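In what follows, a structure is listed as structure tokens, so that the remarks can point back to it.
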Protein chains: 2
Amino acid sequence: MLNYTYEELIKHFKDILKKNSLKYTKQREVILEILYKYNKHFTPEELYMQIKNEYPKLNIGIATIYRTLNLLEESKMITSISFGQLGKKYEIAIKPHHDHLICDMCGTIIEFEDEQIENRQLEIAKKYHFLIKSHSLQLHGICKECRKKLKYS
Amino acid sequence: MLNYTYEELIKHFKDILKKNSLKYTKQREVILEILYKYNKHFTPEELYMQIKNEYPKLNIGIATIYRTLNLLEESKMITSISFGQLGKKYEIAIKPHHDHLICDMCGTIIEFEDEQIENRQLEIAKKYHFLIKSHSLQLHGICKECRKKLKYS
DNA sequence: TTGCCTGCAAATCCTTTGCATACTG
DNA sequence: CAGTATGCAAAGGATTTGCAGGCAA
């Protein structure tokens with residue numbers, strides 16, 4: 001699924017830090033590790049909880065989570081999507097580009113890729129003389145499991 | 001562009017209010033009127049300013065703006081899109097469905113519709129046994145005008 | 001007249017910032 | 001050792017809520 005090993009990811013991160021005279025700290029390492037390991041979307045708060053759980057001895061503040069997420073996003077190592085009221089979620093950015101199906105009942109996120117849609121987007125941009133830097137496609141609705149639950153209730 | 005007249009819109013709104021034992025007030029009317037008249041995206045703050053401008057005598061608080069926008073969104077009379085750090089913007093929902101090209105330099109929003117993408121989305125949903133309720137497609141980048149500015153600077 | 005709506009201000013929630021201390025390179 | 005990073009608490013900004021008075025039905 002992921003096209004980098006953890007070691008390659010860390011190496012890439014260290015390179016970015018070096019280029020910007022920034023430092024490699026335990027906190028930054030752990031944040032990246034959790035995002036890599038679980039390979040799913042986290043809110044800052046969820047990430048904070050997970051770290052508290054797995055590394056109870058590590059002293060880390062929520063401010064560091066926010067600062068590090070911003071740093072990682074600027075460095076394009078992670079990406080974020082907005083969920084309206086639900087806030088912002090982050091995920092590791094080393095997967096091929098993909099879009100999201102989001103279940104409004106249980107919050108499950110299904111990822112998909114579709115070349116046809118990607119190509120069509122380029123044509124649309126061309127028509128408006130628009131230079132696309134990124135895009136975000138979210139399909140909201142009800143997932144397979146929740147549809148079953150609805151049927152039986 | 002819009003497929004309802006203002007009168008039809010107000011009638012529809014009054015129907016919704018009546019069904020829910022809610023009341024038709026000057027504040028609610030003005031908010032809807034501005035959204036209809038300008039037919040563009042507003043943040044709650046921008047909407048508040050615009051109303052203060054056009055109706056200086058009308059006493060209205062920002063809390064009412066928020067409450068009314070939430071009400072209108074629940075009633076599907078308006079829709080919102082998220083702009084990450086930049087907050088949430090609302091627009092009247094009585095146009096045919098469309099997606100957005102967003103210029104990250106000047107904030108301009110271009111609307112477009114594309115049947116091919118819509119159809120493809122349905123196929124994807126089918127594949128995952130997912131029931132689509134809505135979707136949101138945003139292409140971020142740099143618009144025609146800003147690209148010119150970049151060239152000459 | 002009833003009970004929903006409103007403005008106001010206070011309260012919340014999420015995120016960022018200032019500062020003194022701790023740590024990396 | 002210099003300069004960056006951290007935790008903590010305070011500050012900030014956006015949105016929501018409680019309340020007493022105002023207004024629509």
Side-chain angles (χ1 to χ4, degrees), chain A residues 10-11 13-34 41-52 55-75 77-78 80-90, chain B residues 10-11 13-34 41-52 55-75 77-78 80-90:
Chain A
I10 294 297
K11 183 173 177 310
F13 186 38
K14 284 187 177 171
D15 284 351
I16 289 171
L17 294 176
K18 192 170 291 174
K19 277 202 195 91
N20 297 281
S21 316
L22 302 175
K23 300 184 174 184
Y24 187 69
T25 66
K26 187 66 187 167
Q27 286 83 349
R28 288 176 175 171
E29 179 191 316
V30 164
I31 289 169
L32 200 49
E33 189 217 308
I34 297 283
H41 297 81
F42 282 93
T43 62
E45 190 65 27
E46 287 164 355
L47 193 50
Y48 181 61
M49 293 310 197
Q50 191 65 37
I51 291 171
K52 285 282 180 193
Y55 298 89
K57 288 177 201 150
L58 178 67
N59 201 10
I60 190 171
I62 190 79
T64 297
I65 306 279
Y66 278 101
R67 281 188 281 232
T68 303
L69 288 174
N70 287 339
L71 168 64
L72 289 171
E73 190 169 26
E74 279 167 36
S75 317
M77 296 201 61
I78 62 175
S80 68
I81 50 177
S82 282
F83 284 79
Q85 303 298 48
L86 300 163
K88 220 172 167 186
K89 289 192 171 191
Y90 296 86
Chain B
I10 295 296
K11 183 172 177 308
F13 186 39
K14 285 186 176 170
D15 284 350
I16 290 171
L17 293 175
K18 191 169 291 176
K19 277 202 194 92
N20 296 280
S21 316
L22 302 176
K23 301 185 173 181
Y24 187 69
T25 66
K26 187 67 185 166
Q27 286 84 347
R28 288 177 175 171
E29 179 191 316
V30 165
I31 289 169
L32 200 48
E33 188 216 310
I34 298 282
H41 297 80
F42 283 93
T43 60
E45 189 65 28
E46 287 164 356
L47 193 50
Y48 182 60
M49 293 311 197
Q50 191 65 37
I51 291 170
K52 284 282 178 194
Y55 298 89
K57 289 177 199 150
L58 177 66
N59 201 10
I60 190 171
I62 190 79
T64 297
I65 306 278
Y66 278 101
R67 281 188 281 233
T68 304
L69 288 174
N70 287 338
L71 168 64
L72 289 171
E73 190 169 25
E74 279 167 36
S75 316
M77 295 200 61
I78 62 176
S80 67
I81 50 177
S82 282
F83 284 78
Q85 303 299 49
L86 300 163
K88 222 171 166 184
K89 289 192 170 190
Y90 295 85

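Just the heavy atoms: all of them, side chains too, but no hydrogens, waters or symmetry mates, feed the values below. Fair warning: this is a prediction, and the values are worked out from it, not measured in the lab. Note on naming: letters A, B, ... go to the chains in the order of the sequence lines (proteins, then strands), and numbering restarts at 1 for each one.
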Integer-rounded Å distance: [N] [atom2] and [X] [atom1]:
X: A:K26; N: D:dT4; atom1: NZ; atom2: C1'; answer: 19 Å
X: A:K14; N: D:dT4; atom1: NZ; atom2: P; answer: 20 Å
X: B:M49; N: D:dA14; atom1: CE; atom2: C1'; answer: 14 Å
X: A:K89; N: C:dC14; atom1: NZ; atom2: C1'; answer: 16 Å
X: B:D15; N: D:dA25; atom1: CG; atom2: P; answer: 13 Å
X: A:F13; N: C:dT24; atom1: CZ; atom2: C1'; answer: 13 Å
X: A:I65; N: C:dT17; atom1: CD1; atom2: P; answer: 17 Å
X: B:L58; N: C:dC5; atom1: CG; atom2: P; answer: 16 Å

Does B:E45 or B:K23 map to a spot on DNA chain D nearer the 5' end, using the closest nucleotide for each?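 Going by which nucleotide is closer to the 5' end, it is B:E45.
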
OP1 or OP2 of C:dG25 sitting under 4.0 Å from any side-chain N/O of A:S21?
no

*Phosphate oxygens OP1/OP2 of D:dC23: is one of them under 4.0 Å from a side-chain N or O of B:T25?*
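For D:dC23, OP1/OP2 do not have a side-chain N/O of B:T25 under 4.0 Å.
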
Exercise for the section: Please report the shortest heavy-atom distance between B:I62 and B:P44, naming the atom on each side. Expected result: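 Smallest interatomic distance, heavy atoms only, reads CD1-O, 4.1 Å.
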
Given [options], which nucleotide is nearest the side-chain atoms of [X]?
X: B:L22; options: C:dC5, D:dG3, D:dT16; value: C:dC5
X: A:Y66; options: C:dT16, C:dT17, D:dT16; value: C:dT16
X: B:Q27; options: C:dC4, C:dG25, C:dT6; value: C:dT6
X: B:N70; options: D:dT16, C:dG25, C:dT15; value: D:dT16
X: B:R67; options: D:dT17, D:dA5, C:dG25; value: D:dT17

Requested in this report: Answer yes or no: is there a side-chain heavy-atom contact under 4.5 Å between A:E73 and A:L69?
Outcome: no

For a 4.5 angstrom cut-off between non-hydrogen side-chain atoms, does A:L58 reach A:K26?
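Yes, close enough: below the 4.5 Å cut-off.
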
With sugar-phosphate meaning primed atoms plus P, OP1 and OP2, does B:I62 contact a base, only sugar-phosphate, or nothing at under 4.0 Å between heavy atoms? nothing

Item checked: Given DNA chain C, 5'-ward residue of the pair A:P44 and B:N20, judged by closest heavy atom ->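 It is B:N20, whose closest nucleotide lies nearer the 5' terminus.
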
Under a 4.0 Å threshold between the charged nitrogen and the carboxylate oxygen, would A:K19 count as salt-bridged to A:D15?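 No, A:D15 and A:K19 are not salt-bridged.
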
Within 6.0 angstrom of B:K52 NZ, more than 12 heavy atoms from elsewhere: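 Counting neighbours around NZ of B:K52, more than 12 heavy atoms of other residues, nucleotides or ligands fall under 6.0 Å, so yes.
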
